[in-house]
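Values reported hereafter were calculated over all heavy atoms of this structure, with side chains retained and with hydrogens, waters and symmetry mates removed.
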Amino acid sequence: MASVVEYKGLRAGYHCGYCDSKEGKASCGMWAHSMTVQDYQDLIDRGWRRSGKYVYKPVMNQTCCPQYTIRCRPLQFQPSKSHKKVLKKMLKFLAKGEIPKGSCKDEPMDSTVDDAVVGDFALINKLDIQCDLKTLSDDLKESLESEGKNSKKEEPHELLQSQDFVGEKLASGEPSHSVKVHTVPKPGKGADLSKPPCRKAKEIRKERKRLKLMQQNPAGEHEGFQAQGQPPSLFPAKAKSNQPKALEDLIFESLPENASHKLEVRVVRSSPPSSQFKATLLESYQVYKRYQMVIHKNSPDTPTESQVRLVPVSFEDPEFKSSFSQSFSLYVKYQVAIHQDPPDECGKTEFTRFLCTSPLEAETPPNGPDCGYGSFHQQYWLDGKIIAVGVIDILPNCVSSVYLYYDPDYSFLSLGVYSALREIAFTRQLHEKTSQLSYYYMGFYIHSCPKMKYKGQYRPSDLLCPETYVWVPIEQCLPSLENSKYCRFNQDPEAVDEDRSTEPDRLQVFHKRAIMPYRVYKKHQKDPSEEAAVLQYASLVGQKCSERMLLFRN
């Protein structure tokens, strides 16, 4: 199945959930009937992102809160002290049942449906009704059969060569198309590149002691030290054991036989839904609903203490059953009045539409990961029940994090951070068989929004330049972002978008059950706005995708 999309154009001047601006948001969107994993990989490498079947791209130089695509390089990733604390906390809980005292602030990975889409519920619901995929699929199949041998045979070969070239870059662990940016930070902002890097006091003390020993015994034979053409190191045997533990060692540290809890992570395909996914859908949805109501406060305002009445959350309880209708009505009224959300935002329809359905076609090539490519749910099972679900896409070059929801009763485990570390480890595991799959995409980094800056703590990581679509290490981007919300990270003034649309006439259009190049389609169109929309689409998706994907026009 080819990628089939309907471009919906620019939507500007609507509410932003990041800065609470009433009319500051701006993005372009399209409805994806179907999409190959390679096309989606190329799209997210141009700043696009999906929510369900709706694929959108922020207009970076217009929107109030520019959203930069961020990716982590798992092959070089080393967990920080705070990451290690989260992993140790989980191990203590599993081994001994220890629950940390006090509240723990979590960092959920994309904990809400991206705000570019939050205001689009009505639009997407309408699009979902208008876009009849079955009819479109039949029409497309008929069109493809009629095309027969007319399709070019050289294109798949060219695409394969391109993938191999990118694969060599990715296998090295270095960012593809990365650029060097030499930026002198302002005083007090960022590292001073003219000075040596800071070192820990412990390392400095060790160095002083080593030099002192060398001065006392120039031959380098003091207490077992021997000079062998290079400076002797202090406690060489211990230094080897002090090597930092790998992420996998921290996650999969052995537990005692009488461990208090058992945690299991299962990866199940969500689209098309596997039998395991179908069997656990209701339980997974219940976790999502509780997450929305408790974590995101999608529930009525907390009443005063004198009005509180504790009722078991069970339809078997008569008091809960009798008050459910009134309680739900109050909740709907609250959502509409306070959050301007549709009445069934937390309903199963929205859960299915945004977190279960996906336009990505399932692909299982022999050289790909064992689970194949496409959309999956990574379920966290604790003692036989689901406590968290990470929604992910597995693509040719990366694992892309879509969403996370979890049982609020286990907030103390910092499941947002823990799941991100598990997904990084999962990416490293997939890389062992599929070498080009070596990146972990974390969605959008928003420097102007404090609650979204935490993604920059997973390093090494890169940000996508919004003009030339090259990857730049985040350390080189931060000084510029301190001065301006919108930045071009590529400092080469001559650099341009290498995949910009240069031949729009080669864009593929699907119209009236037939596939045709845009040069043929435009001969029958007299509306000037039609051409403007098509050219805007071509510039946003790039030349490669415009030639591979089918732009549906009715």
Side-chain angles (χ1 to χ4, degrees), residues 70-102 104-111 173 200 202-203 235 237-267 369 371 376 378-383 386-390 392 394 398-401 404 406-407 410-434 437-442 454-461 474:
I70 182 171
R71 72 177 186 185
C72 172
R73 283 176 261 154
L75 304 188
Q76 294 86 34
F77 175 79
Q78 285 293 338
S80 65
K81 284 186 177 180
S82 62
H83 295 153
K84 291 177 181 178
K85 285 181 180 179
V86 171
L87 295 175
K88 288 178 181 178
K89 180 167 56 177
M90 175 63 82
L91 287 172
K92 287 181 179 179
F93 173 73
L94 296 176
K96 303 177 183 179
E98 289 187 15
I99 298 178
K101 296 179 180 179
C104 238
K105 287 189 177 180
D106 199 8
E107 297 172 345
M109 187 65 68
D110 275 5
S111 59
K200 293 182 179 179
K202 186 177 180 181
E203 293 177 358
F235 310 121
K238 190 175 179 181
K240 188 174 181 181
S241 63
N242 278 345
Q243 291 294 321
K245 281 188 176 182
L247 177 61
E248 291 79 3
D249 295 335
L250 294 168
I251 292 176
F252 302 109
E253 189 171 316
S254 59
L255 296 172
E257 291 184 4
N258 60 342
S260 299
H261 301 285
K262 179 183 178 182
L263 179 67
E264 182 184 0
V265 179
R266 303 177 190 172
V267 179
C371 59
F376 299 82
Q378 202 165 34
Q379 301 173 338
Y380 293 77
W381 289 77
L382 181 69
D383 302 332
I386 298 176
I387 65 165
V389 177
I392 59 173
I394 301 179
C398 73
V399 170
S400 174
S401 175
L404 171 79
Y406 54 85
D407 188 332
Y410 297 92
S411 296
F412 63 87
L413 290 174
S414 301
L415 290 170
V417 177
Y418 183 77
S419 66
L421 296 173
R422 289 294 298 247
E423 288 172 5
I424 290 173
F426 182 55
T427 305
R428 288 158 65 134
Q429 178 188 341
L430 296 179
H431 170 77
E432 292 180 4
K433 181 182 179 183
T434 310
L437 201 164
S438 54
Y439 291 103
Y440 174 58
Y441 284 51
M442 298 177 281
Y454 72 89
K455 295 182 182 182
Q457 298 173 6
Y458 296 84
R459 298 190 182 183
S461 57
I474 191 171

Report task. Evaluate the criterion ring pair (Phe, Tyr, Trp, His ring centres under 6.0 Å) for residue pair Phe93 and Phe412; output intermediate values, then yes/no. Result -> CA-CA 10 Å; Phe93 173 73; Phe412 63 87; 5.4 Å; yes
What are the two closest non-hydrogen atoms of [X] and [Y], and how far apart are they?
X: Lys84; Y: Pro79; result: CE-O, 3.6 Å
X: Cys371; Y: Leu430; result: SG-CD2, 4.5 Å
X: Ile474; Y: Gly456; result: CD1-CA, 3.7 Å
X: Cys72; Y: Tyr458; result: SG-O, 3.9 Å
X: Pro369; Y: Leu437; result: CG-CD1, 4.4 Å
X: Tyr380; Y: Gly390; result: CE1-N, 4.3 Å

Can you tell me how far apart [atom1] ([X]) and [atom2] ([Y]) are? Round to the nearest 0.5 Å.
X: His83; Y: Lys81; atom1: NE2; atom2: NZ; result: 13.5 Å
X: Tyr440; Y: Cys398; atom1: OH; atom2: SG; result: 10.5 Å
X: Leu413; Y: Leu94; atom1: CG; atom2: CG; result: 7.5 Å
X: Arg428; Y: Arg73; atom1: CZ; atom2: CZ; result: 13.5 Å
X: Lys92; Y: His261; atom1: NZ; atom2: NE2; result: 15.0 Å
X: Ser461; Y: Ile70; atom1: OG; atom2: CD1; result: 4.0 Å

Would you confirm whether [X], through its side chain, and [Y], through its main-chain N or O, come within 3.5 Å as a donor-acceptor pair?
X: Lys455; Y: Met442; value: yes
X: Thr434; Y: His431; value: no
X: Thr427; Y: Glu423; value: yes

Within a strict 4.5 Å, meaning less than it, do heavy atoms of the [X] and [Y] side chains meet?
X: Leu415; Y: Asp407; value: no
X: Val265; Y: Phe426; value: no
X: Leu263; Y: Arg422; value: yes

Query - Residues that Glu264 engages under side chain to side chain contact (heavy atoms under 4.5 Å, CB included), provided they are two or more places apart - result: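 Here the qualifying residues are Arg266, Trp381.
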Query raised in the report: Which residues pass the side chain to side chain contact (heavy atoms under 4.5 Å, CB included) test with Lys245, sequence neighbours left out?
Result: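 Partners of Lys245 under the side chain to side chain contact (heavy atoms under 4.5 Å, CB included) test: Asp249, Leu250, Glu253.
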**Report entry** Ser80 vs Gln457, side-chain contact (heavy atoms from CB on, under 4.5 Å): CA-CA, chis, key distance, verdict
**Finding:** CA-CA 8 Å; Ser80 65; Gln457 298 173 6; 6.0 Å; no
Query raised in the report: NZ of Lys262: more than 12 outside heavy atoms within 6.0 angstrom?
Result: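 Not more than 12 within 6.0 Å, no.
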Requested in this report: Would you please name every residue forming a side chain to side chain donor-acceptor pair (under 3.5 Å) with Ser260, sequence neighbours left out?
Outcome: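 Checked Ser260 against side chain to side chain donor-acceptor pair (under 3.5 Å); zero matches.
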